[in-house]
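Following: one structure in structure tokens, then a few remarks.
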2 protein chains.
Amino acid sequence: MAGDEEQVFRNFLARKGRRWTPERKAVLREVFAHHDHFDAEELHRRLRARGLTVSRASVYRTLGLLVESGLVAEVFVEDGHMHYEHVYGHEQHSHLRCLGCRRVIEFRDEALPGVEARLAAAHHFQVTGHKLEVYGWCAACQGKEG
Amino acid sequence: MAGDEEQVFRNFLARKGRRWTPERKAVLREVFAHHDHFDAEELHRRLRARGLTVSRASVYRTLGLLVESGLVAEVFVEDGHMHYEHVYGHEQHSHLRCLGCRRVIEFRDEALPGVEARLAAAHHFQVTGHKLEVYGWCAACQGKEG
DNA sequence: ATTTTTATTGAGACTCTATATCATTATTTT
DNA sequence: AAAATAATGATATAGAGTCTCAATAAAAAT
């Protein structure tokens, strides 16, 4: 449900004996205000641009909690740092990346749930998620670079 | 074929107008001397322990070339830095990771080639590879942490 | 073989991401 | 309202990875 993420995060915090603060609220809102991938510094900049004063330290700390809560996911490392996306309220999806233009296409494939199920059974794992990234060259970039 | 990696790397370098040097040879050998995952600093330390003097800069540079050549793959980020594995001569595989004990289990799943093929067709991509990581809690770690 | 061209190396400086420290402040509990 | 304790922000610190550049070495040209 849209908008529900605040309640989910508050429940998560309460369960862990952590507190609900204005800073965490500001970060949560900013994270769910856009649908693009983002990184920690960009998030910090956007908050400041809105006139919200949340320190870098708190941005990083809150981001960690959001990932732990499952509301946000680490997507991939690019340019030497992590990139994220919010996942709550969105179907699980994977990423197809072009090695040339670095464009990212989201996709869903019906085979993945089966992979998870087989692994859970074979290794007695309680599988909580997966991260799949397929890479190659998009139509426009094929032929470039050797 | 085992041992072939040197020829593959030399061909790769030649094709790009890059040179075959003692430093690159030392790095290549060390990378293929073990079957575990490793990181750049560890690789550098192992080379020094063998009495081979290859600078950090050259280790990082060579690692980049090895990844580009396809002989080595970036596996995952842990503890804030990248971890690698050599892949030449090994069947493509994915990783199942326990969030508790951090154990990594390699696996192969017959569904992945199909996923690649579908994406290639649907998006006119020339798919060169994928990275799949499934995570959760192993039998021993289930119940730990909330 | 010698010379020329040019990629590579190593040392260290540097950038940047991310975390740790800690006194102060704010939230929650009692 | 007071006590307990988690969170914040400013800054320091750690660590990964890249860049610079003079010196060197590999490959190509002669």
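Residue numbers start from 1 in every chain, and the chains themselves are labelled A, B, ... in the order their sequence lines are given, proteins ahead of strands.
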Task: Strand-adjacent residues in residues 74-85 of chain B, judged by heavy atoms under 4.0 Å from DNA chain D - done: Gly80(B), His81(B), Met82(B)

Task: Residue-level proximity of residues 21-53 of chain B to DNA chain D when a heavy atom falls under 4.0 Å - done: Pro22(B), Glu41(B)

Is there a donor-acceptor pair under 3.5 Å between the side chain of [X] and the backbone N or O of [Y]?
X         : Y         : answer
Ser58(B)  : Val54(B)  : no
His81(B)  : Asp79(B)  : yes
His83(A)  : Glu78(A)  : yes
Gln142(A) : Trp137(A) : yes

Open item on the list: Rounded to whole Å, how long is the line connecting atom NZ of Lys16(A) with atom P of dT28(C)?
Closed with: 17 Å

Task: Atom-to-atom span, OH of Tyr60(B) to C1' of dT15(C) - whole angstrom - done: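 Computing the Tyr60(B):OH to dT15(C):C1' distance gives 14 Å.
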
- [ ] Can you label the angle between the His86(B) ring and the Phe32(B) ring as parallel, tilted or perpendicular, going by 30° and 60°?
- [x] parallel

Open item on the list: Below 30° counts as parallel, above 60° as perpendicular, anything between as tilted: where do the rings of Phe125(B) and His123(B) land?
Closed with: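 Taking His123(B) first and then Phe125(B), their aromatic rings stand perpendicular (interplane angle over 60°).
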
Open item on the list: Need to verify one output field. Residue with the more 5' nearest nucleotide on DNA chain C, Arg56(B) or Gly17(B)?
Closed with: Gly17(B)

Task: N/O donor-acceptor pair, side chain Arg19(B) with base dT6(C), under 3.5 angstrom - done: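 Check passes, donor-acceptor contact within cut-off.
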
Task: Terminal helix-axis angle for the helix from dA1(C)-dT30(D) to dT30(C)-dA1(D), with five pairs defining each axis and rounding to 10 degrees - done: 40°

- [ ] Using the ring of Phe76(A) (Phe, Tyr or Trp, six-membered ring only), decide whether Arg97(A) places NZ or CZ under 6.0 Å from its centre and within 45 degrees of its axis.
- [x] yes

Task: Residues His130(B) and Glu133(A): side-chain donor-acceptor under 3.5 angstrom - done: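 His130(B) vs Glu133(A): no donor-acceptor pair found between side chains.
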
Open item on the list: Is it the case that the side chains of Glu42(A) and Tyr84(A) hold a donor-acceptor pair, with the cut-off being a distance below 3.5 Å and no angle test?
Closed with: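 Judged by distance alone, the side chains do not pair up.
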
- [ ] Look at Glu41(A) together with Arg56(A) and state whether they make a salt bridge at an N to O cut-off of under 4.0 Å.
- [x] yes

Give me the atom names and distance for the closest heavy-atom approach of [X] to [Y].
X         : Y         : value
Ala120(B) : Val127(B) : CB-CG2, 3.9 Å
Ser55(B)  : His44(B)  : C-NE2, 3.8 Å
Arg50(A)  : Ala33(A)  : NH2-CB, 3.9 Å

- [ ] With sequence neighbours excluded, tell me which residues meet side-chain contact (heavy atoms from CB on, under 4.5 Å) with Glu85(A).
- [x] His37(A), Val75(A), Val87(A), His93(A), His95(A), Glu106(A)

Open item on the list: Is the phosphate of dG10(C) approached by Ser58(B) (side-chain N or O, under 4.0 Å from OP1 or OP2)?
Closed with: yes

- [ ] Would you grab the first and last nucleotide of DNA chain D (5' to 3') that comes under 4.0 Å of any non-hydrogen atom in chain A?
- [x] dT5(D) to dG9(D)

Pull out every protein N or O sitting under 3.5 Å from an N or O of nucleotides 20-23 of chain C, one pair per line with the distance.
none

Open item on the list: Once rounded to the nearest 0.5 Å, what's the spacing between atom OG of Ser69(B) and atom CG of Leu13(B)?
Closed with: 8.0 Å

